[in-house]
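One structure below.
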2 protein chains.
Amino acid sequence: MFDFCSSMTDEQDGRARELIERAAAKWPLRILHVLSDARAPLRFSRLMERVEGISQKVLTQTLRTLERDGLVIRTLYPQVPPRVEYELTPLGRDLLMQVVSLWRWIVEHLDDFDACKAVKLTATANA
Amino acid sequence: MFDFCSSMTDEQDGRARELIERAAAKWPLRILHVLSDARAPLRFSRLMERVEGISQKVLTQTLRTLERDGLVIRTLYPQVPPRVEYELTPLGRDLLMQVVSLWRWIVEHLDDFDACKAVKLTATANA
DNA sequence: CAGCATCCCCCCAGATACTG
DNA sequence: CAGTATCTGGGGGGATGCTG
């Protein structure tokens with residue numbers, strides 16, 4: 001089923017794992033989602049407002065990582081007070097679409113997840 | 001682009017996020033992968049061997065979570081010494097397939113990720 | 001064999017304060 | 001406005017020892 005794995009080098013495998021892990025984590029996913037919904041570049045403070053519950057430090061850190069990974073573009077307008085805008089790269093948009101399809105699949109199968117737990121509880125009760 | 005999001009409740013959204021985050025994390029992903037490759041139930045000690053670098057505590061914890069999420073089945077054979085086998089549920093197999101397709105997409109686009117970084121470095125150099 | 005219990009450590013999220 | 005700098009605590013994770 002995963003024969004394709006043998007056709008990738010360890011390095012490719014490792015990088016892909018890291019990218020999945022980072023993009024699917026809590027804050028990165030929410031930031032990408034917000035940026036996608038906005039359909040326009042967002043300032044740092046707009047992101048702080050829309051990504052509810054994030055701290056300013058973590059927002060900065062996460063944006064830096066997303067930038068390094070090539071998923072987000074940071075544009076600094078040298079003025080006072082400074083203005084910085086963030087937007088998805090085409091690649092970031094594409095990656096998010098892939099993650100979203102996984103997301104959608106999970107939502108559509110939430111009932112199955114519930115069913116699994118129900119079976120397990122029944123089995124436990126009978127044991 | 002994400003209009004489907006409006007058709008899901010906050011609870012669905014939250015659960016899907018958690019499931020993505022947990023399934024895409026480092027250890028869970030590797031464990032699911034190993035179980036899938038094995039094509040047969042694996043004992044605890046076999047998993048310890050094949051999931052390189054994992055500690056016994058983390059393996060236990062992760063397996064418990066995967067079990068709770070309905071992705072893995074744990075079977076205890078009451079004998080001395082005890083024998084415990086783990087295998088994917090059909091749902092776990094399906095979910096892994098979804099994650100793997102995302103994985104495959106990333107590997108196929110690793111060059112694009114590199115290109116993104118190259119562009120960024122050039123832009124920085126010109127600035 | 002397959003774990004649970006315990007101890008320990010380190011990292012990082014989060015809060016607060018400050019700055020160009 | 002968009003960050004850095006600094007401090008702190010809580011938790012994840014490693015190592016070790018014990019048990020049914």
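Here is the naming used below: chain letters follow the sequence lines, and residue numbers restart at 1 for every chain.
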Find the bend of the helix from C:dC1-D:dG20 to C:dG20-D:dC1 as the angle between its two terminal axes (five pairs each), to the nearest 10°. 50°
Nearest whole angstrom, please: distance from the [atom2] of [N] to the [atom1] of [X].
X: A:Arg64; N: C:dC12; atom1: CZ; atom2: P; result: 17 Å
X: A:Met48; N: D:dT4; atom1: CE; atom2: P; result: 13 Å
X: A:Leu76; N: D:dC1; atom1: CG; atom2: P; result: 15 Å
X: A:Leu59; N: C:dT16; atom1: CG; atom2: P; result: 17 Å
X: A:Phe44; N: C:dG20; atom1: CZ; atom2: P; result: 18 Å
X: A:Glu21; N: C:dC12; atom1: CD; atom2: C1'; result: 15 Å
X: B:Arg22; N: D:dG12; atom1: CZ; atom2: C1'; result: 15 Å
X: A:Glu67; N: D:dA2; atom1: CD; atom2: P; result: 15 Å

Would you tell me if any nitrogen or oxygen in the side chain of [X] comes within less than 4.0 Å of OP1 or OP2 on [N]?
X: A:Tyr86; N: D:dC1; result: no
X: A:Arg43; N: D:dC1; result: no
X: B:Arg83; N: C:dG3; result: no
X: B:Arg74; N: C:dG3; result: yes

Does [X] reach the side chain of [Y], with side-chain heavy atoms less than 4.5 Å apart?
X: A:Pro28; Y: A:Leu66; result: yes
X: A:Val100; Y: A:Met97; result: no
X: A:Asp69; Y: A:Leu91; result: no
X: A:Val72; Y: A:Leu88; result: yes
X: A:Gln12; Y: A:Arg15; result: no

Keeping the roles fixed (side chain from A:Thr62, backbone from A:Val58), state whether a donor-acceptor pair exists under 3.5 Å. yes
For the pair B:Thr89 (side chain) and B:Gly70 (backbone), establish whether a donor and an acceptor sit closer than 3.5 Å, ignoring hydrogens and angles.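 Yes; at least one donor-acceptor contact below 3.5 Å.
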Under 4.0 Å between a side-chain nitrogen and a carboxylate oxygen: does that hold for A:Arg50 and A:Glu52?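 The answer is no: the pair does not qualify as a salt bridge.
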Report all interatomic pairs (protein N or O, nucleotide N or O of nucleotides 16-18 of chain D) with separations under 3.5 Å.
none

Can you pull every protein N or O that's under 3.5 Å from an N or O on nucleotides 13-15 of chain C?
unit_1 : atom_1 : unit_2  : atom_2 : d
C:dA13 : OP2    : A:Gln61 : OE1    : 3.0
C:dA13 : N7     : A:Lys57 : NZ     : 3.2
C:dG14 : N7     : A:Lys57 : NZ     : 3.0
C:dG14 : O6     : A:Lys57 : NZ     : 2.3

What are the two closest non-hydrogen atoms of A:Arg17 and B:Arg30, and how far apart are they?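 It is NH1-CG, 3.0 Å.
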Heavy atoms only: give me the nearest B:Arg74-B:Tyr86 pair and the separation to one decimal. NE-OH, 3.3 Å
If two hydrophobic side chains count as joined below 4.5 Å and joins carry through other members, does B:Ile73 share a cluster with B:Trp27? no
From the set C:dG3, D:dC1, C:dA2, return the single nucleotide nearest to any side-chain atom of A:Ser45.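 For A:Ser45, the side-chain atoms sit closest to D:dC1.
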Classify the ring geometry between A:His33 and A:Trp103 as parallel (under 30°), tilted (30 to 60°) or perpendicular (over 60°).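 The arrangement is perpendicular - the two ring planes meet at more than 60°.
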